[in-house]
Number of protein chains: 2
Amino acid sequence: MALMTMETKDPLHIPAGRGIAAELIAVLVAVIGEAPHIMTIRDARALPSGPFESSHRSLQSGLREWVEQQTGHPIGYMEQLYTFADRDRGHEGKSAISISYLGLTREESRADARDSEWRDWYDYFPWEDHRKGTPELFEAVVAPRLKQWADESTSKAARADRWQRAAITFGLDEFAWNEELVLQRYELLYEAGLVTEAERGQKPVLPGRAMLADHRRILATGIARLRAKIKYRPVVFELMPPAFSLLQLQRSVEALAGRLLHKQNFRRLIEQQELVEETGLSSFETGGRPAKLFRFRQAVLAERAAAGTKLPLLRP
Amino acid sequence: MALMTMETKDPLHIPAGRGIAAELIAVLVAVIGEAPHIMTIRDARALPSGPFESSHRSLQSGLREWVEQQTGHPIGYMEQLYTFADRDRGHEGKSAISISYLGLTREESRADARDSEWRDWYDYFPWEDHRKGTPELFEAVVAPRLKQWADESTSKAARADRWQRAAITFGLDEFAWNEELVLQRYELLYEAGLVTEAERGQKPVLPGRAMLADHRRILATGIARLRAKIKYRPVVFELMPPAFSLLQLQRSVEALAGRLLHKQNFRRLIEQQELVEETGLSSFETGGRPAKLFRFRQAVLAERAAAGTKLPLLRP
DNA sequence: GCTATAAATGCTCAAAGTGAGTATTATAGT
DNA sequence: ACTATAATACTCACTTTGAGCATTTATAGC
């Protein structure tokens with residue numbers, strides 16, 4: 001094995017002369033009541049964000065600083081979402097890099113600082129909430145407009161392709177609704193001209209609040225990631241108060257997933273995975289049989305480092 | 001897709017004055033024979049990489065350019081891995097951002113360009129290959145050294161914590177081996193002083209080739225991601241030739257996962273998911289009953305946009 | 001042709017996990 | 001007491017997995 005000395009004196013590459021700008025963007029989530037919310041700034045038209053500067057110790061800490069400064073709100077759990085470059089975004093023709101993060105927090109209704117504001121994320125994506133069944137929007141607007149978009153293609157094959165893509169991502173025809181396809185749906189709607197990334201006068205066909213630049217796309221990425229993650233990691237608990245009833249927990253998951261769950265089976269799942277433990281307390285607030293209050297078993301974070309296998313393994 | 005007008009005139013933030021350097025790094029994977037390989041440069045001590053420059057259209061295309069220039073090898077499937085900032089990495093005190101990608105390709109044994117070279121990834125992580133059972137390394141070095149490391153702690157609780165962490169990530173004691181924890185294992189070994197990120201004189205305790213800067217850590221991230229992904233997305237096929245036998249396919253998955261699979265159940269899985277279709281050809285090369293050759297059913301990419309649910313949903 | 005060897009392929013069976021209920025119990029408000 | 005609202009308990013068919021045995025179809029060497 002060849003030996004060799006450290007790289008501080010021998011960098012792999014000389015950095016490019018001009019340098020580029022880097023921006024940090026946060027999708028900061030909290031569940032308030034039974035609705036999933038995100039932190040916004042600028043009249044609810046932008047996500048909290050700011051430049052990454054050389055004074056920041058790391059990307060994460062840079063983001064934390066910005067978010068706390070802009071929203072007065074500390075972030076609990078954080079994970080990186082995606083990094084993208086956009087030549088058009090930078091100043092003076094410089095290209096810019098945006099690094100987005102997903103953050104989870106408990107809402108603690110402090111006085112909202114500056115122009116920051118919690119907003120129901122379904123304000124931006126009304127078609128993503130299927131808790132009350134498929135929104136009427138689908139039959140009224142989404143399906144016919146996508147059909148129309150598909151039919152605009154010239155070749156028969158292209159029409160079929162477009163329609164199949166639309167049917168799959170929106171759960172039309174025989175396809176089942178898949179709540180994880182948030183980003184694909186947004187991109188398809190954008191491609192079909194049913195939403196506009198940043199408003200510019202013309203009315204969008206679909207309801208739903210727009211955002212500056214590509215923030216709505218980033219939000220879609222965050223929602224998709226979170227909807228996927230709650231299924232195999234105990235991240236919901238980052239959004240719950242210290243003690244909660246199982247129904248509260250279920251309502252939170254439903255809020256995030258945008259669909260209703262089977263109560264008994266949900267409980268069975270939670271219990272058999274030993275995710276929670278009783279606090280001994282009960283809640284009498286809802287008027288019904290009192291609900292036992294539980295807390296998250298922190299130990300599972302250590303015990304189960306990861307999800308289970310899906311490979312058909314051979315004998316141990 | 002229409003370009004946004006919005007933000008060019010009204011950027012969300014004025015970019016920081018100095019700008020920073022951005023580097024693109026690739027974990028480029030191919031399966032050669034029955035061994036997983038990665039593309040390396042610099043005497044197999046670095047991953048292909050290069051600065052992101054304003055001439056690049058996007059991060060992806062910038063990376064493609066660099067990799068093709070350095071290795072003469074085009075990339076098929078690509079996905080982003082992780083972005084990190086390292087103050088010590090930049091030039092002249094500038095901070096630098098590194099954006100890493102995972103790329104999959106079929107090896108086509110062209111004359112290797114420049115100093116690029118395919119390398120078995122287990123050269124860098126010998127403890128990750130469990131296809132021939134748990135490596136002797138574990139009983140001989142890993143377990144005792146980690147025990148020793150745990151025992152260095154002062155408090156009893158800290159010793160127990162350390163040991164439990166080691167046992168979980170390495171599948172010691174009663175815990176099962178989890179092939180996905182590549183990064184966690186590397187980080188723990190680093191913390192325990194059993195590997196050194198870049199060698200500088202002192203011999204590391206464990207065998208395994210080192211790399212420049214933090215490239216070995218990035219490689220660990222890529223392997224972990226790929227091991228997780230093969231379980232729920234048909235990405236293995238990106239690494240297979242156009243026609244292959246089911247055993248070849250199994251051997252490839254085993255190479256990546258570092259564990260052996262149950263043949264009959266593996267086949268059942270592949271077939272019931274309708275991932276492949278017969279080509280009508282057979283392979284007589286192995287000396288045994290000839291194997292039918294299959295090809296990947298491209299259609300599944302369209303049909304199944306995503307993985308299945310795990311939530312206990314309510315009636316449709 | 002016969003035999004050893006190497007796979008491919010077919011089939012079984014129990015255990016565990018899921019989906020979709022019905023039934024019962026405990027409170028608060030009227 | 002009666003009703004509304006939940007919490008909680010239990011059932012049952014069906015599917016998916018893990019593990020293994022058995023059979024079939026080839027090649028290579030004798």
Side-chain angles (χ1 to χ4, degrees), chain A residues 33-34 176-179 230-232 243-254 257 259-295 304 307-316, chain B residues 33-34 176-179 230-232 243-254 257 259-295 304 307-316:
Chain A
E34 299 189 351
W177 174 253
N178 182 339
E179 72 280 352
I230 46 174
K231 292 173 186 166
Y232 61 96
F244 49 83
S245 73
L246 292 182
L247 188 59
Q248 261 180 287
L249 182 64
Q250 183 182 338
R251 294 283 176 247
S252 294
V253 174
E254 289 174 336
R259 349 185 34 172
L260 296 180
L261 305 182
H262 186 284
K263 192 196 248 189
Q264 298 92 320
N265 291 346
F266 176 76
R267 281 153 188 264
R268 177 170 64 186
L269 201 74
I270 297 295
E271 279 161 22
Q272 85 186 11
Q273 294 191 174
E274 301 181 292
L275 291 173
V276 298
E277 60 193 4
E278 296 189 14
T279 59
L281 304 174
S282 292
S283 161
F284 296 77
E285 287 177 16
T286 47
R289 176 170 172 171
K292 284 184 192 165
L293 292 178
F294 296 82
R295 74 171 71 89
R304 263 168 296 156
T309 174
K310 283 226 165 189
L311 293 174
L313 295 174
L314 207 56
R315 51 109 191 281
Chain B
E34 298 189 351
W177 173 253
N178 182 340
E179 72 280 352
I230 46 174
K231 292 173 185 166
Y232 60 96
F244 49 84
S245 73
L246 292 183
L247 188 58
Q248 261 181 283
L249 182 64
Q250 183 183 338
R251 293 285 175 245
S252 295
V253 174
E254 289 174 337
R259 346 183 38 169
L260 296 180
L261 306 182
H262 185 283
K263 192 196 248 189
Q264 298 94 318
N265 291 348
F266 177 76
R267 278 150 190 265
R268 176 170 66 185
L269 200 74
I270 298 295
E271 278 160 22
Q272 84 187 12
Q273 294 192 173
E274 302 182 291
L275 292 173
V276 298
E277 60 194 4
E278 296 190 14
T279 59
L281 303 172
S282 291
S283 161
F284 297 77
E285 287 175 18
T286 48
R289 176 171 174 172
K292 284 185 192 166
L293 292 179
F294 296 82
R295 74 170 71 87
R304 264 168 296 156
T309 174
K310 283 227 165 190
L311 294 175
L313 296 174
L314 207 55
R315 53 109 190 282

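A, B, ... follow the sequence lines: proteins, then strands. Residue 1 opens every chain. Keep in mind it's a predicted model, so treat the numbers as computed, not measured.
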Closest approach to the side chain of [X], judged atom by atom: which nucleotide of [options] is it?
| X | options | value |
| --- | --- | --- |
| B/R267 | C/dA7, D/dA26, C/dT9 | C/dT9 |
| A/Q264 | D/dA7, C/dG21, C/dA7 | C/dG21 |
| B/H262 | D/dA7, D/dA19, C/dT27 | D/dA19 |
| B/L269 | C/dT9, C/dA26, D/dT17 | D/dT17 |

Examine distances only and state if a side-chain atom of [X] and a backbone atom of [Y] form a donor-acceptor pair shorter than 3.5 Å.
| X | Y | value |
| --- | --- | --- |
| B/R259 | B/W177 | yes |
| B/T279 | B/L293 | yes |
| A/Q248 | A/S245 | yes |
| B/Q250 | B/L261 | yes |

Is the base of C/dT18 touched by the side chain of A/Q272 through a donor-acceptor pair closer than 3.5 angstrom?
no
Could you check whether the side chain of B/R268 and the base of C/dG10 have a donor-acceptor pair of N or O atoms closer than 3.5 Å, going by distance alone?
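No pair found.
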Rounded to the nearest Å, what distance is computed from the [atom1] atom of residue [X] to the [atom2] atom of nucleotide [N]?
| X | N | atom1 | atom2 | answer |
| --- | --- | --- | --- | --- |
| B/L247 | C/dT5 | CG | C1' | 15 Å |
| A/L293 | C/dT27 | CG | P | 14 Å |
| A/K292 | D/dA7 | NZ | P | 12 Å |
| B/K310 | D/dT16 | NZ | C1' | 11 Å |
| B/L261 | D/dG18 | CG | P | 11 Å |
| B/Q250 | C/dT9 | CD | C1' | 13 Å |
| A/L313 | D/dA19 | CG | P | 8 Å |
| B/F266 | D/dG18 | CZ | C1' | 16 Å |

Give A/K263 one of three labels, base, sugar-phosphate or nothing, depending on what nucleic acid heavy atoms sit under 4.0 Å from its own.
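Base contact.
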Between A/F294 and A/E278 the two heavy atoms that sit nearest each other are CE2-CG, 3.5 Å
Judged by each residue's nearest nucleotide on DNA chain D, which is more toward the 5′ side, A/N265 or A/F294?
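Looking at the nearest nucleotide for each, A/F294 comes out on the 5' side.
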